[in-house]
Each structure stands twice: as C-alpha cells, then as structure tokens.
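As a basis for the values below, the full set of heavy atoms in this structure was taken, side chains included, without hydrogen atoms, waters or symmetry mates. Computed from a predicted structure; not experimentally measured. We count residues from 1, following the sequence as given.
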Amino acid sequence: MSPRRAIAQAPGRVNLIGEHTDYNDGFALPMALPFGTTIRFEPRQDDTVVLKSVGFRSTSFVSSEPDPEIEPWARYVAGMFRFLREDGLQIGGFDAHIETTIPVGASLSSSAALEVATGFGLCAMVGVDPDPIYISRLGQRVENEIIGIQSGIMDQLISAVAVEGTATMIDCRSLETTPVKIPGSAQVVIMDTMTRRELADSEYDLRRASCERAAAALGVNALRDASLADVASLAEGVDKRRAQHVVSENARVANAVDAFAVSDLTGMGTLMRESHRSLSVDYEVSSDALDLMALIANEHEACFGARMTGGGFAGSAVALIDSSSTSAFFAHVRERWKSECGVDPDLWAVHPSDGASAQLLGPT
C-alpha cells in the first residue's frame with residue numbers, strides 16, 4: 001500500500017530493580033510511565049525526511065543517505081528508518097512532528113521511546129503490524145551501532161510491550177515478559193536530581209567490557225549464568241566487583257517479584273536499598289546527587305526503599321512509598337533537597353502505563 005498518515009506513541013520507563021543486568025542476559029523489573037513521545041507522520045512525494053521536534057532544531061536528510069549529517073537527537077529516528085528500509089519496509093520521504101513529555105536526560109528512557117515510536121509509526125504508515133520485539137531489537141541496534149553505546153534491550157522492550165497497571169519482569173535472554181502487579185498500598189515516586197550525564201557513555205561501555213571479561217574468566221556465556229560462589233572465585237579487582245553487582249542484582253529481581261506477590265513492601269524496599277548500595281559501591285555508576293537523593297528518600301518513614309534508576313551518573317532516583325503518605329513524603333524530599341542543593345527537585349507519583357501503539361490517520 002502507499003504510505004499513509006499515521007500517529008504513534010511510546011512511553012518512557014522507570015526501572016524498579018534490575019540495573020545493568022540486561023546486557024548480561026539477566027533480569028529486570030521496569031514499568032512504563034505516563035510520560036511518552038508522540039510522532040505524527042506525513043508521507044511526502046519526494047525522498048526527503050524532515051524531522052521537527054518541539055524544543056529542538058529541525059533537521060532533514062535524503063532517505064537514501066545511510067548516515068546523514070543531522071542533529072544528534074534525530075539520529076535515533078534516522079537509525080530506525082534506515083534499519084527498517086534495509087529489512088524491506090517500502091517507505092520513502094516523510095515529515096515527522098515529534099512531541100514528548102519525558103524529561104530529557106532524567107534517565108527515564110526518552111531515546112528508547114523515540115526509537116520505538118518511530119518504528120511503530122513507520123510500520124503503520126505502510127500497513128505493517130509492528131512486532132514489538134522486532135522493533136525493540138532495532139532500537140537496541142540504533143543505540144549500539146549508530147549512537148555507539150553498548151546498551152541492552154530493556155528500555156526499548158518495556159516501552160514496546162508494557163501493560164497498563166503492571167510492572168514487567170523481563171528475561172533479557174529469552175525476551176519473555178511477565179506482568180507483575182504492584183500492591184495498591186504502594187506508590188512509585190520518581191525523583192529527578194536535576195543533574196544530567198556528561199561524558200558518561202564511555203564509562204557505560206567500560207562496565208560492559210568488564211562484565212564480559214568476568215564471564216570469560218568464569219567460562220560462562222554471560223554473567224546471568226554465574227552464581228555468587230562463582231564470583232567469589234575471581235581475583236580481587238574491578239571485574240569481580242562488577243560481576244558481584246550483576247549476579248546479586250539478578251537475584252534481587254527474582255526476590256522482588258516474590259515480594260510483590262505477597263505484598264511484602266518492606267522486603268521490596270530492602271531490596272531497593274541493597275540495589276543502590278551495589279550500584280554505588282560495586283558498579284560505581286551512582287553519583288553524589290543520586291546517593292543524596294536515595295538517602296533523603298530513605299530517611300522518611302513512609303519510604304520502603306529508594307535507589308538510583310537508569311544508566312546512572314546523573315538523572316533520577318525511584319522510591320517505593322506508602323501511598324497514604326505521598327504528600328508528606330513529597331514535602332520532606334523537597335525541603336531536604338532544597339536545603340542541601342539550593343534547587344527544587346522534580347517529583348512525580350506514577351502508575352504503570354501501557355506500551356507503544358500506532359494508528360492510521362484520515363486524509364489531510
């Protein structure tokens with residue numbers, strides 16, 4: 001069919017537990033957010049792709065260019081477009097009008113949402129029902145091959161497959177997903193430190209390389225296949241500490257699913273606190289701001305547990321609190337953060353949202 005007008009949306013995510021496990025074939029427990037990216041696609045009669053995003057400089061390129069010189073933010077869209085065309089999607093030029101409510105740089109997966117929304121929308125334009133796992137894999141390829149960050153698939157997959165009302169346990173090897181209900185007495189809170197990553201991408205890749213060395217030393221395909229006893233056999237050093245985090249974090253994900261199943265919010269909170277300590281000490285991807293935010297949150301009596309979330313180095317932390325004390329918790333965090341840092345943090349009480357979707361629009 002000839003390309004038609006379409007609209008697509010994909011949400012950001014917050015990861016409750018299971019950080020830096022996805023590229024180790026491990027487990028994670030994220031949920032989609034009520035913040036998302038929406039793209040309106042208009043087919044063109046030529047081979048030009050024009051990308052416009054609120055708050056960013058517009059950019060364009062010719063559809064046949066394999067690696068166009070464009071604005072950095074637009075490389076996520078151009079990468080998805082390129083890979084879909086290479087796989088046979090029959091689409092030429094188009095205009096894309098992009099809007100997002102995801103705070104950029106807050107470690108809430110704005111880039112993954114942009115990739116997934118692009119994939120869903122371009123497929124919809126030509127009448128192809130998008131396969132969420134396929135689109136997620138393409139988004140990961142964009143990060144790995146075009147952006148140059150050796151990230152895993154968690155962010156794209158939760159954006160594509162999330163189910164409203166539940167978190168999702170992801171097996172990052174099989175890509176099997178399992179809905180996990182969050183007890184109604186619990187409230188998930190995102191706390192933006194208002195700090196942003198700078199020059200941290202190379203550190204991310206160093207973490208992955210360290211994990212791969214540890215797995216090779218243990219004779220396993222990935223650290224997902226190692227036990228804590230295996231890790232204890234490694235020589236002391238950075239690789240051992242990285243492996244210690246990944247293997248213990250995988251166990252925490254399994255324990256978190258069990259804790260939610262029996263509404264053990266205290267137990268879940270303990271796991272979140274342990275996760276933060278592991279990310280800060282063993283994996284060294286936290287920051288002074290993230291450590292402080294987790295500390296401030298954990299001070300409050302309504303907080304079961306808090307931890308950094310996302311790739312680390314800056315951005316947001318996540319807390320699990322008693323839903324009846326949300327206002328008091330917000331007031332505590334705002335007052336303490338303003339006192340320590342001199343700025344107001346952005347705080348959001350969030351509930352699990354649905355994953356990506358796309359639909360055709362009527363004629364212009």
Side-chain angles (χ1 to χ4, degrees), residues 13-33 152-155 157-158 161-190 211 220 222-232 243-283 294 297-298 300-310 317-325 349-353 355:
R13 68 94 188 93
V14 63
N15 192 22
L16 300 179
I17 201 162
E19 217 69 77
H20 289 276
T21 52
D22 56 349
Y23 53 83
N24 290 289
D25 283 358
F27 303 91
L29 185 62
M31 64 180 233
L33 293 172
I153 199 171
M154 176 188 67
D155 294 351
L157 190 57
I158 186 61
V161 308
V163 177
E164 185 175 5
T166 68
T168 301
M169 199 277 275
I170 298 175
D171 181 331
C172 298
R173 172 173 286 167
S174 68
L175 303 189
E176 179 182 0
T177 58
T178 305
V180 176
K181 187 73 174 176
I182 299 174
S185 57
Q187 175 65 62
V188 175
V189 175
I190 297 172
C211 291
V220 296
L223 286 178
R224 182 255 188 68
D225 303 310
S227 67
L228 288 175
D230 293 332
V231 174
Q244 172 75 24
H245 164 71
V246 172
V247 175
S248 63
E249 187 81 344
N250 277 327
R252 282 188 284 270
V253 174
N255 291 335
V257 172
D258 291 341
F260 274 147
V262 295
S263 297
D264 179 10
L265 299 179
T266 299
M268 178 62 189
T270 298
L271 293 168
M272 293 175 73
R273 295 173 194 232
E274 291 174 353
S275 175
H276 184 85
R277 285 194 295 271
S278 182
L279 287 159
S280 182
V281 175
D282 287 336
Y283 221 67
N298 282 318
H300 196 269
E301 61 184 4
C303 182
F304 299 108
R307 59 183 287 276
M308 57 154 281
T309 188
V318 60
L320 188 72
I321 70 170
D322 185 326
S323 60
S324 66
S325 300
V350 294
H351 297 280
S353 297

Please report, to 0.1 Å, the donor-acceptor pairs under 3.5 Å made by any side chain of residues 162-171, with sequence neighbours excluded.
residue, atom, partner, partner atom, Å
T166, OG1, V163, O, 3.3
D171, OD1, R173, N, 2.9
D171, OD1, S174, N, 3.2
D171, OD1, R224, NH1, 2.9
D171, OD2, S174, OG, 3.3
D171, OD2, R224, NH2, 3.1

Starting from the C-alpha separation in whole Å, work towards a yes-or-no answer on side-chain contact (heavy atoms from CB on, under 4.5 Å) for R307 and V318.
CA-CA 6 Å; R307 59 183 287 276; V318 60; 3.8 Å; yes
What closest approach, in Å, do M272 and I17 show between heavy atoms, and which atom pair accounts for it?
N-CD1, 4.1 Å
With D230 via salt bridge (Lys or Arg N to Asp or Glu O under 4.0 Å) - residues at least two apart
none
Side-chain donor-acceptor pair present, S275, E249, cut-off under 3.5 Å
yes
Can you sort out the partners of N298 under side-chain hydrogen bond (donor to acceptor under 3.5 Å, both in side chains), two or more places apart, ordered by chain and number?
R273
Output all residues satisfying side-chain hydrogen bond (donor to acceptor under 3.5 Å, both in side chains) with S280, sequence neighbours left out; order by chain, then residue number.
D291
Who pairs with D155 by side-chain hydrogen bond (donor to acceptor under 3.5 Å, both in side chains), at least two apart in sequence or on another chain?
R13, S109
Side-chain contact test, heavy atoms from C-beta onward, threshold under 4.5 Å: evaluate it for M154 versus E19 and give yes or no.
yes
What orientation do H20 and H245 show, parallel under 30°, tilted 30 to 60°, or perpendicular over 60°?
perpendicular
Closest approach of A28 to G18 (non-hydrogen atoms, all atoms of both residues):
CB-O, 3.5 Å
Pairs of donor and acceptor atoms involving the side chains of residues 264-271, under 3.5 Å and at least two apart or interchain, shall be tabulated with distances.
residue, atom, partner, partner atom, Å
D264, OD1, G267, N, 2.8
T270, OG1, T266, O, 3.1

What distance do I153 atom CD1 and I158 atom CD1 have between them, rounded to the nearest 0.5 Å?
12.0 Å
Assess whether side-chain contact (heavy atoms from CB on, under 4.5 Å) is satisfied between F260 and L29, documenting all intermediate values.
CA-CA 11 Å; F260 274 147; L29 185 62; 4.0 Å; yes
Audit row: L33, S353, side-chain contact (heavy atoms from CB on, under 4.5 Å) steps and yes/no:
CA-CA 5 Å; L33 293 172; S353 297; 5.5 Å; no
